[in-house]
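A short write-up of the structure that comes next.
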Amino acid sequence: MTFYRRSDVTGIARELLGKALFTRINGNITAGLIVETEAYSWKERGCHAWDNRRTTRNAVMFGEGGHAYVYLCYGVHNLFNVVTNREGRADAVLVRAVEPIQGTETMQHRTGTKHIKRMTSGPGKLTRALGIERIHNGEALDSRRVWLEDVGREVSFREIQAGPRIGIDYAGRDAFLPWRFTLRDSEWVSK
DNA sequence: TAGAGGATTGAT
DNA sequence: TCAATCCTCTAC
């Protein structure tokens, strides 16, 4: 868990590419290889914890790194973040897309889609496929229900593409920070 | 306690 | 381009 407790949130966001996000829901294990992430820091306006704003919703961001931050977006979608940094420093990495690697049929059943390529290509879609809901908010990421694993997928520096984050126009200049990271040429990224 | 709006998605 | 949808957050 020390991996998550560093202050380098953009470094962690890069390093999460190629790692796998697992869930076990009612005995069903599903997993996706992380191919797209975004970094958020309390130091910038894109972040829910900007300027150390502490609310009921974002409370887990202020806890120790290595926990899940799950919140409801637009009243419709659950978005999954990895809380990073030490207690009191509210940083997080949003997982925006994964490549299905286990339990694909279960994920198709949950999402009701035949198009596997579009099934997990977005932050709201991958949580639905993996069965992640707000009850998982605050869950430790070495738990039996939600966890991350290194599955031996090597990611070279050249494979990582950086660009501005999506959907945070309200953040002013901070919306231009190149804090969105994708695996170059992956067919599983959003949009 | 009311009102505005959101780290999205899929249909038009 | 637009509606869905439900809290959360802020201001009064």
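Lettering follows sequence order; numbering is per chain, from 1.
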Item to check | Ionic contact status for Glu64(A) with Arg86(A), cut-off 4.0 Å | outcome: no

Checklist entry - Is the closest basic N to carboxylate O distance between Glu36(A) and Arg180(A) below 4.0 Å? => result yes

For [N] and [X] - does any side-chain N or O of the residue sit under 4.0 Å from the phosphate oxygens OP1/OP2?
X         : N       : answer
Arg128(A) : dT9(B)  : no
Lys191(A) : dT9(B)  : no
Tyr69(A)  : dA7(B)  : no
Arg53(A)  : dT10(C) : yes

Item to check | Pi stacking test for Tyr40(A) and dA7(B): under 5.5 Å apart, planes under 30° | outcome: yes

Separation of [N] [atom2] from [X] [atom1] (nearest whole Å):
X         : N       : atom1 : atom2 : answer
Tyr170(A) : dT8(C)  : OH    : C1'   : 13 Å
Glu44(A)  : dA7(B)  : CD    : P     : 12 Å
Glu36(A)  : dA7(B)  : CD    : C1'   : 11 Å
Asn58(A)  : dG6(B)  : CG    : P     : 16 Å
Arg134(A) : dT5(C)  : CZ    : C1'   : 11 Å
Leu126(A) : dG10(B) : CG    : P     : 12 Å
Tyr74(A)  : dG10(B) : OH    : P     : 14 Å
Asn81(A)  : dT8(B)  : CG    : C1'   : 14 Å

Select base, sugar-phosphate, or nothing to describe what [X] touches, counting heavy atoms under 4.0 Å on all strands.
X         : value
Ile168(A) : sugar-phosphate
Arg54(A)  : nothing
Thr56(A)  : sugar-phosphate
Arg57(A)  : sugar-phosphate

So which nucleotide from [options] ends up closest to the side chain of [X]?
X        : options                 : value
His77(A) : dT10(C), dA7(B), dT9(B) : dT9(B)
Thr55(A) : dT9(B), dT10(C), dA7(B) : dT10(C)
Met61(A) : dA7(B), dA4(C), dT10(C) : dA7(B)
Tyr71(A) : dT5(C), dA7(B), dT8(B)  : dA7(B)
Leu72(A) : dA7(B), dT9(B), dC7(C)  : dC7(C)
Leu79(A) : dG10(B), dA7(B), dT5(C) : dA7(B)

Checklist entry - In dot-bracket, 5' to 3', how would DNA chain C read with Watson-Crick or G-U wobble pairs under 3.5 Å, [ ] for crossing ones and | for pairs to another strand? => result ||||.||||||.

Checklist entry - Should we say atom OH of Tyr170(A) is surrounded by more than 12 heavy atoms from elsewhere, each under 6.0 Å from it? => result yes

[Y] ring centre to [X] NZ or CZ under 6.0 Å, with the angle to the axis within 45°?
X         : Y        : result
Lys43(A)  : Trp50(A) : no
Arg6(A)   : Phe3(A)  : yes
Arg165(A) : Tyr40(A) : yes

Checklist outcome for this item: All heavy atoms of Arg153(A) vs all of Asp150(A), minimum pair found to be N-OD1, 4.3 Å

Checklist entry - Rounded to the nearest 0.5 Å, what separation is found between the CE atom of Met119(A) and the CH2 atom of Trp188(A)? => result 7.0 Å

Item to check | P gap between dA2(B) and dT5(C), integer Å | outcome: 23 Å

Checklist entry - Between Trp147(A) and Phe22(A), what is the ring plane arrangement, given parallel below 30°, perpendicular above 60°, and tilted in between? => result parallel

